There are 2 protein chains.
Amino acid sequence: MADDRSKDSATTPEWSGPMDGDLASIAFLARSLGDENRLRILLCLGEEKKAVGSIVQELNLSQPLVSHHLKELKRSLLVKIERSGPFVYYQLADPSILGIMGALHLLARELLTRRTSF
Amino acid sequence: MADDRSKDSATTPEWSGPMDGDLASIAFLARSLGDENRLRILLCLGEEKKAVGSIVQELNLSQPLVSHHLKELKRSLLVKIERSGPFVYYQLADPSILGIMGALHLLARELLTRRTSF
DNA sequence: CTATTATATCAACCATCATTTATATGTAAA
DNA sequence: TTTACATATAAATGATGGTTGATATAATAG
C-alpha cells in the first residue's frame, strides 16, 4: 500500500476533472464567508457599490474592523474596488455570491429543522 | 448616533426576513467548509456512506485527523452517523452540500480567470 | 479473560484570525 | 501651507483552529 492514485473518476458526483488545487480555492472562499461580519458586509453591499463609511455607519462596526474585513474580502476576490476622490467604493465581485449565501442559509435551516424534529 | 435599527428591509436582495441569527449559522457552515481536508472528506463521502478507515485509506490522512474533522463536520450537521458493529459510517447529511461546493468551485474559477485576464 | 481491530479523545504545539487602540496615509478644501 | 475628512495600516491581545503523537474507549473474536 505504497501509494495509489488511480481512483479519481469513480466517485465524482457533480464536477469533472482533477480537483487538485481547486479544493484549496474552494476552502479559501468558504473561509472568507465564514465570518459573520464579512457576511453582513457582503449582504449590506448587495448590488450597489458603497463607500467604507456607509458600511461602517450601516453595520455599526468600527472603521478599522470594516477596513480589515474589506481587505480580506478583496484578498479572496469577493469584492471589487473603485476609488473616487477620498472615497473608496466596494462592490460585490459577482452576484452569485448572494446566491451561495442563500443556498447556505437554506441548507442551515434544513439541517437545523431536521435536527430538532427528529 | 446612539443606535439605529430601522433599516433592515431596505436592502434585502435574495431572501426575506430578519437574518439575525441566521448569519451566524451561515458563517458556521462556511467555516466548516473552509478546510481543504474537510472538503476532501465531504467529496470522498459523495453519496455513499463510508467508514472512517475507508476515508483514512482513501485520502491518505492520519486516523486521528480524519476523526477530528469528522467530529467537526458532525458538529456543523453536515454529516450523519450510523454505527454498525465496530464500524462507524459517515454520510453526507444533504446532497445539496455537493451543489454548494460546486457553486463555490465555479465562483472561484470565475473570479480567478477574471483576475488573470484583466 | 486476552488480543485485535476500529474509532475516539487528549495534550501539546504552532498557525491563523478577529478585534481594539492608536497612528499613518491620502485627498480635498480654505 | 494648514485643516478636516476618508481610509488604511500597525501593534497588541485573545481566541480559535489544524496537526501530530500518544493514549483511551468500544466492539468483536478466540
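Remember, predicted model here, so these are calculated numbers, not experimental data. Throughout, protein chains are lettered first and strands after them, A, B, ... in sequence-line order, and every chain is numbered starting at 1.
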May I ask you to say what His68(B) touches in the nucleic acid, namely base, sugar-phosphate or nothing, with a heavy-atom cut-off under 4.0 Å? base
Using side-chain heavy atoms (C-beta onward) and a distance below 4.5 Å, is Leu107(A) in contact with Ile26(B)? no
Under 4.0 Å, heavy atoms only, any strand: does Tyr90(B) hit a base, just the sugar-phosphate, or nothing? sugar-phosphate
Tightest non-hydrogen contact, residues His69(A) and Arg38(A), listed as ND1-NH1, 3.1 Å
Let me know the distance between CZ of Arg75(B) and C1' of dT9(C), rounded to the nearest Å. 15 Å
Closest to the side chain of Pro64(A), out of dT21(C), dT9(C), dC17(C), is dT21(C)
Nearest-Å distance, CZ (Arg40(A)) to P (dA18(C))? 14 Å
Between dA18(C), dA8(C), dT27(C), which nucleotide has the shortest distance from any of its atoms to the side chain of Val88(B)? dA8(C)
Smallest separation among heavy atoms of Ala27(A) and Glu36(B), with atom names: CB-N, 3.8 Å
Can you tell me the distance, in whole Å, between the CZ atom of Phe87(A) and the P atom of dT27(C)? 13 Å
Looking at every heavy atom in both Leu42(B) and Leu98(B), which two are closest together, and how far apart are they? O-CD2, 4.2 Å
Asp35(B) atom CG is separated from dC17(C) atom C1', nearest whole Å, by 15 Å
Using a 4.0 Å heavy-atom cut-off, does Gln63(B) contact any base of the nucleic acid, only the sugar-phosphate backbone, or nothing at all? base
Options dT19(C), dT20(C), dT9(C), nucleotide nearest the side-chain atoms of Ser62(A): dT20(C)
Tell me the interatomic distance from Lys50(B), atom NZ, to dT7(C), atom P, rounded to whole angstroms. 14 Å
Contacted region of DNA chain D by chain B, from 5' end to 3' end of the hits, cut-off under 4.0 Å to heavy atoms, spans dG17(D) to dT28(D)
Once you round it to whole Å, what is the distance between C1' of dA8(C) and CD1 of Ile55(B)? 14 Å
Grab the two heavy atoms, one from Leu59(A) and one from Cys44(A), that are nearest each other, plus how far apart they are. CD2-CB, 4.1 Å
Expressed as a whole number of angstroms, how long is the span from Leu65(A):CG to dT19(C):P? 5 Å
For Arg38(A), which contact category applies under a 4.0 Å heavy-atom criterion: base, sugar-phosphate, or nothing? sugar-phosphate
Of Phe28(A) and Ser84(A), whose closest DNA chain C nucleotide lies nearer the 5' terminus? Phe28(A)
Distance-only donor-acceptor hits, side chain of residues 71-79 of chain A, under 3.5 Å, sequence neighbours excluded:
residue, atom, partner, partner atom, Å
Glu72(A), OE2, Arg75(A), NH2, 3.3
Ser76(A), OG, Ser32(A), OG, 2.8
Ser76(A), OG, Glu72(A), O, 3.3
Ser76(A), OG, Leu73(A), O, 3.2

Would you list the atom pairs, donor with acceptor, under 3.5 Å between side chains in residues 84-94 of chain A and any protein atom, with sequence neighbours excluded?
residue, atom, partner, partner atom, Å
Asp94(A), OD1, Ser96(A), N, 2.8
Asp94(A), OD1, Ser96(A), OG, 2.8
Asp94(A), OD2, Arg114(B), NH2, 2.8

